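One structure is given below, encoded as structure tokens.
In the text below, chain A, chain B and the rest are named by the order of the sequence lines, each starting its count at 1. Side chains are part of it too, since the values below use all heavy atoms of this structure and drop only hydrogens, waters and symmetry mates. All figures in this text were calculated on a predicted structure; none of them were measured in a lab.
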2 protein chains.
Amino acid sequence: MKIQPSKIYGPKRKVEPGLDRSKIVAAALDLLDEDGFDGLTMRSLAKKLDIKAASLYWHVPSKQDLLSLLADEICAPIRKPDGTLPWRNQLEILGNEYRRILLAHRDAARVLSSSGAPSGPNRLRLTEMVLSILLDAGFAPQDAVYAGFLLNDYVTMFVSAETQSANPVAESVFEDSPSGVQNWLEALPVNEYPSVVALANHLIKSDSDERFQFGIKILQNGLENHLANRSSRDHN
Amino acid sequence: MKIQPSKIYGPKRKVEPGLDRSKIVAAALDLLDEDGFDGLTMRSLAKKLDIKAASLYWHVPSKQDLLSLLADEICAPIRKPDGTLPWRNQLEILGNEYRRILLAHRDAARVLSSSGAPSGPNRLRLTEMVLSILLDAGFAPQDAVYAGFLLNDYVTMFVSAETQSANPVAESVFEDSPSGVQNWLEALPVNEYPSVVALANHLIKSDSDERFQFGIKILQNGLENHLANRSSRDHN
DNA sequence: ACCTGAACACCGTTCAAGT
DNA sequence: ACCTGAACACCGTTCAAGT
């Protein structure tokens, strides 16, 4: 006969009644902020939850699905822009809002890019906001869809590049000196890369926020122009 | 005394005098086309070259560096657009040219996104082309840099999404029926996602090539508009 | 100079078995 | 219903040792 410890003395798992999807996703988000995308593994997540890795597969079918859940959770705090503003401004505000929530968690953009198409409620809400703004602005259905993906992808891609390496051209070409990159750029053969050499200091500078607003503005202008051409064609 | 096999009967490694970086990169590109990005591992690459994985590290410092080399190799076939054309058209041609070479190899866009900033000769050549077109068009130095990254990132991101899942919204939400995605979209709560539901069939359709050209056109329009505003401001 | 053996420290996932 | 042990089939990378 084995000695049976009283249930009182069991691990008791704190006060929690047990795991569920939402607790797993919450823990995954914490782990992401602590250890980054590469540190988020099924094994490390299990350890954080005081269970074994295999147990996660009772609650979640695969790591891919977990990442989709996590992606949606990251998008939860998105707020809807004031609908009375002109569509240009609404898109600008929404773009900045999306960037804001992506910058709120470490490697969030990487999670979003690796998690496939939006299917959760929060990302669907974001899609709904973009599309409704574009439809209200007067875009044709297919154009609204294309423009929606363009805007969504722009922000995701931008923040992904922005967080993967502070400077889009710098990184570890030569990982030593601070302005080693500029030296490297300026030392390039001028005959072959005249523009790159000429713009060396501008390639280095590249303020992230300013660059983001530049892209938003180009997209606004481009969409406005497209809409104007379409409308005038409709009227003729 | 051990039996020494004659050198004649050695593996002889075919006729190749030995490995070098370029042969490793060529083999990596073959392997990429055969097995995709996830199939490209140091171990499988070594097997293809009839060596052991550890040997690769004598020629290449890390897998990251190998991917950078591979990224540059993928960009080798890029051709320069006719410089006598208007800058709008040059950018459009270059964008399509870049997309073309990315679609020429399996998962090429994933290699490019995971390989960091351009530092090899071919990607630098691509950067040079974009920047010189923009400078010739009359963009201010910093604007040319921002616009260059915008264009480059647009194509990379687009092809990356395009090849990861044929349809940007479809994929495996419900992996069964062909139009199961449309059913799923249309079954969404209309109160919460009216625009998504209304655009369901357009979200499904989404012709890749048409969508790519739409994005290029928006960027063209946006840049043209930006340039016009700047120029008029300079003249006043 | 170039390559291998063998290990280190990991991965995601499965599945019979426990409670 | 929920969790574990133990394995399967992998990873990238290092380094002493071989030739």
Side-chain angles (χ1 to χ4, degrees), chain A residues 1-14 16-24 27-28 31-32 35-70 107 110-111 114-116 172, chain B residues 1-14 16-24 27-28 31-32 35-70 107 110-111 114-116 172:
Chain A
M1 194 187 197
K2 282 193 277 186
I3 297 167
Q4 297 280 5
S6 157
K7 283 178 182 180
I8 307 274
Y9 298 108
K12 264 199 357 181
R13 199 91 59 212
K14 269 79 190 183
E16 311 157 30
L19 270 304
D20 63 355
R21 271 168 121 85
S22 71
K23 274 171 195 160
I24 290 175
L31 191 55
L32 184 71
D35 298 346
F37 188 80
D38 294 325
L40 174 58
T41 69
M42 297 303 265
R43 294 171 124 100
S44 62
L45 177 58
K47 184 170 284 177
K48 193 178 184 69
L49 289 162
D50 268 319
I51 55 170
K52 300 297 169 184
S55 313
L56 288 169
Y57 289 86
W58 200 92
H59 300 277
V60 155
S62 69
K63 188 179 182 179
Q64 262 305 320
D65 291 76
L66 177 63
L67 288 174
S68 294
L69 260 14
L70 188 57
D107 290 339
R110 262 176 92 186
V111 174
S114 71
S115 68
S172 58
Chain B
M1 196 185 191
K2 281 193 276 189
I3 297 168
Q4 296 282 4
S6 157
K7 282 177 181 179
I8 306 276
Y9 298 108
K12 266 204 350 184
R13 196 92 59 215
K14 269 79 190 181
E16 311 156 30
L19 270 304
D20 63 354
R21 271 169 122 85
S22 71
K23 274 171 194 161
I24 290 175
L31 191 56
L32 183 72
D35 298 346
F37 188 80
D38 293 326
L40 174 58
T41 68
M42 296 304 265
R43 293 170 124 99
S44 61
L45 178 57
K47 186 171 281 176
K48 194 178 184 67
L49 290 162
D50 268 319
I51 54 170
K52 301 295 168 184
S55 312
L56 289 169
Y57 289 86
W58 200 92
H59 300 278
V60 154
S62 70
K63 187 177 183 182
Q64 262 306 321
D65 291 76
L66 177 63
L67 287 174
S68 294
L69 260 13
L70 188 57
D107 290 341
R110 261 176 91 187
V111 174
S114 72
S115 69
S172 57

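- Rounding to whole angstrom units, CH2 of residue A/Trp58 and C1' of C/dG18 are separated by 16 Å.
- Rounded to a whole Å, the CG atom of B/Leu45 is 13 Å from the P atom of C/dC3.
- The nearest pair of heavy atoms linking A/Ser115 to A/Leu67 is CB-O, 3.7 Å.
- Residue pairs meeting the salt bridge (Lys or Arg N to Asp or Glu O under 4.0 Å) criterion with at least one partner in residues 51-67 of chain A, sequence neighbours excluded, do not occur; the list is empty.
- If you measure from atom NZ of A/Lys23 to atom P of D/dC2, you get 12 Å, rounded to the nearest angstrom.
- Legend: salt bridge (Lys or Arg N to Asp or Glu O under 4.0 Å) pairs involving residues 37-47 of chain A, not counting sequence neighbours, sorted by first then second residue: A/Asp38-A/Arg110.
- For the pair A/Ile24 CD1 and D/dC3 C1', the interatomic distance rounds to 12 Å; values are reported in whole Å.
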All N/O contacts under 3.5 Å from nucleotides 11-14 of chain C to the protein, with atom names and distances to one decimal?
| unit_1 | atom_1 | unit_2 | atom_2 | d |
| --- | --- | --- | --- | --- |
| C/dC11 | OP1 | A/Thr41 | OG1 | 3.4 |
| C/dC11 | N4 | A/Arg43 | NH2 | 3.4 |
| C/dG12 | OP1 | A/Met42 | N | 3.4 |
| C/dG12 | OP1 | A/Lys63 | NZ | 2.8 |
| C/dG12 | OP2 | A/Met42 | N | 3.1 |
| C/dG12 | N7 | A/Arg43 | NH1 | 2.4 |
| C/dG12 | O6 | A/Arg43 | NH1 | 3.1 |
| C/dT13 | OP2 | A/Tyr57 | OH | 2.6 |
| C/dT13 | OP2 | A/Lys63 | N | 2.9 |
| C/dT13 | O5' | A/Tyr57 | OH | 3.3 |

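- Residue B/Asp20 contributes atom CG, which lies 10 Å from atom P of C/dC3 at whole-angstrom precision.
- Looking at residues two or more places apart in sequence or on another chain, you find no side-chain contact (heavy atoms from CB on, under 4.5 Å) involving A/Ala54.
- When the side-chain nitrogen and oxygen atoms of B/His59 are compared with OP1 and OP2 of C/dA1, none of them lie within a distance under 4.0 Å.
- At the phosphate of C/dT4, OP1 or OP2 sits under 4.0 Å from a side-chain N or O atom of B/Ser55.
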>> Set out, in order, the CA-CA distance, both residues' side-chain angles and the distance that settles side chain to side chain contact (heavy atoms under 4.5 Å, CB included) for B/Leu70 and B/Leu40, then state yes or no.
In response: CA-CA 11 Å; B/Leu70 188 57; B/Leu40 174 58; 3.7 Å; yes

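- C/dC10 and D/dA9 have their P atoms separated by 22 Å, given to the nearest Å.
- Rounded to a whole Å, the CG atom of B/Leu49 is 11 Å from the P atom of C/dT4.
- Heavy atoms only, all atoms of each residue included: B/Leu66 and B/Met42 are closest at CD2-SD, 4.0 Å.
- For C/dC2 and D/dA17, the C1' atoms lie 13 Å apart once the distance is rounded to whole Å.
- Partners of A/Ser44 under the side-chain contact (heavy atoms from CB on, under 4.5 Å) rule, at least two apart in sequence or in another chain, are A/Leu31, A/Thr41.
- Every stem involving DNA chain C, taken as at least 3 paired positions in a row under the Watson-Crick or G-U wobble test at 3.5 Å, is listed here: C:4-8 with D:12-16, C:12-16 with D:4-8.
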